[in-house]
Amino acid sequence: MENYRQHLEEMVVDRTRQLRETLKQIERSYEDTLRALGAAIDLRDSETEGHSKRVCRYSVEMARAMGWSDQQLENLSRGAYLHDIGKLGIPDGILLKPGPLTPGERATMQTHVQIGFELVKGIPFLLAAADNRSHASRTLQRQRLSIWAQG
């Protein structure tokens, strides 16, 4: 009986290890997916290439300085990296227009936030990032203004 119990415990340890490895692989695939989506955004608007990475990096650094938890930073990172994904739904004539936008074009451009939310809201690992987009943005904007005001 003792051998049987020991064998079961070894099986549990082995399965737990396998599950942890599988979870790490899934998490890596999430990050790969984010990078691919970010690259798609940059390809769509080459004038702002690297913008998503910069927004992500600066947002996370400011939030870290504000004492956000690791989970909050992870959600912020995902949301910041994909903050412009909705631009994939904006017509080229508006997105790539070389001059100023008309009021109607500006209104269309502003819909990219809602388009982006609609694109990612059904993706479970991005849901927290999508749900927190406006709160995080307002919080970081207030912090940025505070830092600049102290100048």
Side-chain angles (χ1 to χ4, degrees), residues 1-92 94-96 107-151:
M1 185 66 150
E2 182 63 29
N3 286 339
Y4 178 72
R5 189 176 70 78
Q6 184 176 353
H7 177 70
L8 284 178
E9 288 176 4
E10 290 171 0
M11 286 177 57
V12 167
V13 167
D14 187 51
R15 292 291 181 183
T16 301
R17 181 189 52 76
Q18 290 175 2
L19 286 172
R20 285 188 178 130
E21 288 176 12
T22 301
L23 181 59
K24 286 180 183 177
Q25 289 174 349
I26 291 170
E27 289 172 349
R28 279 192 299 272
S29 72
Y30 286 168
E31 299 307 316
D32 291 344
T33 300
L34 286 176
R35 279 192 292 279
L37 289 170
I41 296 165
D42 284 346
L43 283 174
R44 182 85 161 80
D45 185 3
S46 62
E47 291 288 318
T48 60
E49 185 175 354
H51 170 72
S52 295
K53 288 180 185 176
R54 287 189 302 275
V55 168
C56 179
R57 186 175 65 241
Y58 296 146
S59 298
V60 168
E61 288 304 315
M62 284 190 289
R64 184 175 286 119
M66 294 168 53
W68 285 25
S69 71
D70 288 344
Q71 185 63 53
Q72 288 174 310
L73 291 173
E74 184 176 315
N75 290 335
L76 175 64
S77 176
R78 290 175 176 166
Y81 193 67
L82 297 179
H83 77 281
D84 276 343
I85 194 168
K87 287 184 178 180
L88 296 173
I90 302 297
D92 284 347
I94 295 173
L95 183 66
L96 305 176
T108 298
M109 181 65 90
Q110 290 172 339
T111 66
H112 84 276
V113 175
Q114 186 61 36
I115 292 169
F117 176 74
E118 295 298 325
L119 283 170
V120 302
K121 72 178 183 183
I123 303 172
F125 86 100
L126 293 177
L127 187 58
D131 283 346
N132 291 324
R133 69 195 187 284
S134 61
H135 171 71
S137 176
R138 285 191 310 270
T139 301
L140 288 172
Q141 183 66 23
R142 281 194 302 270
Q143 180 68 16
R144 189 170 41 223
L145 290 173
S146 172
I147 290 169
W148 286 334
Q150 294 170 10

The criterion is salt bridge (Lys or Arg N to Asp or Glu O under 4.0 Å); which residues satisfy it with [X], sequence neighbours excluded?
{"X": "Arg5", "answer": "Glu2, Glu9"}
{"X": "Arg54", "answer": "none"}
{"X": "Lys53", "answer": "none"}
{"X": "Glu74", "answer": "Arg78"}

Kindly compute the distance separating [atom1] ([X]) from [atom2] ([Y]), expressed to the nearest 0.5 Å.
{"X": "Thr108", "Y": "Ile94", "atom1": "OG1", "atom2": "CD1", "result": "4.0 Å"}
{"X": "Tyr81", "Y": "Leu126", "atom1": "OH", "atom2": "CG", "result": "12.5 Å"}
{"X": "Glu10", "Y": "Asn3", "atom1": "CD", "atom2": "CG", "result": "9.5 Å"}
{"X": "Lys87", "Y": "Asp92", "atom1": "NZ", "atom2": "CG", "result": "13.0 Å"}
{"X": "Ile90", "Y": "Met109", "atom1": "CD1", "atom2": "CE", "result": "6.0 Å"}

Who passes side-chain hydrogen bond (donor to acceptor under 3.5 Å, both in side chains) against [X], sequence neighbours left out?
{"X": "Asp70", "answer": "none"}
{"X": "Arg64", "answer": "Glu61"}
{"X": "Glu21", "answer": "Arg17"}

Inset, instruction - Kindly give the heavy-atom pair with the smallest separation between Ala63 and Leu73, and that separation in Å. - result: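 For Ala63 and Leu73, the tightest heavy-atom pair comes out as CB-CD2, 3.6 Å.
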Legend entry - Heavy-atom pair with the smallest gap, counting every atom of Ile41 and Ser52: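 Heavy atoms only, the tightest pair is CG2-OG, 4.2 Å.
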Using the side chain to side chain contact (heavy atoms under 4.5 Å, CB included) criterion, which residues pair with [X]? Sequence neighbours excluded.
{"X": "Arg20", "result": "Thr16"}
{"X": "Leu37", "result": "Thr33, Leu82, Ile85"}
{"X": "Asp32", "result": "Arg35"}

Inset, instruction - For the residue pair Thr22 and Ile26, establish whether any side-chain heavy-atom pair is separated by less than 4.5 Å. - result: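 Yes; the side chains approach each other to less than 4.5 Å.
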Inset, instruction - Ignoring hydrogens and angles, tell me if any N or O in the side chain of His7 forms a donor-acceptor pair with the backbone of Tyr4 under 3.5 Å. - result: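 A pair under 3.5 Å: no.
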Inset, instruction - Determine yes or no for a side-chain-to-main-chain donor-acceptor pair under 3.5 angstrom, with Ser59 supplying the side chain and Cys56 the backbone. - result: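 A pair under 3.5 Å: no.
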Legend entry - Summary of salt bridge (charged side-chain N to carboxylate O under 4.0 Å, His left out) pairs that have at least one residue in residues 110-119, sequence neighbours excluded: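 Counting only pairs at least two positions apart or across chains, the salt bridge (charged side-chain N to carboxylate O under 4.0 Å, His left out) contacts touching residues 110-119 are Glu118-Lys121.
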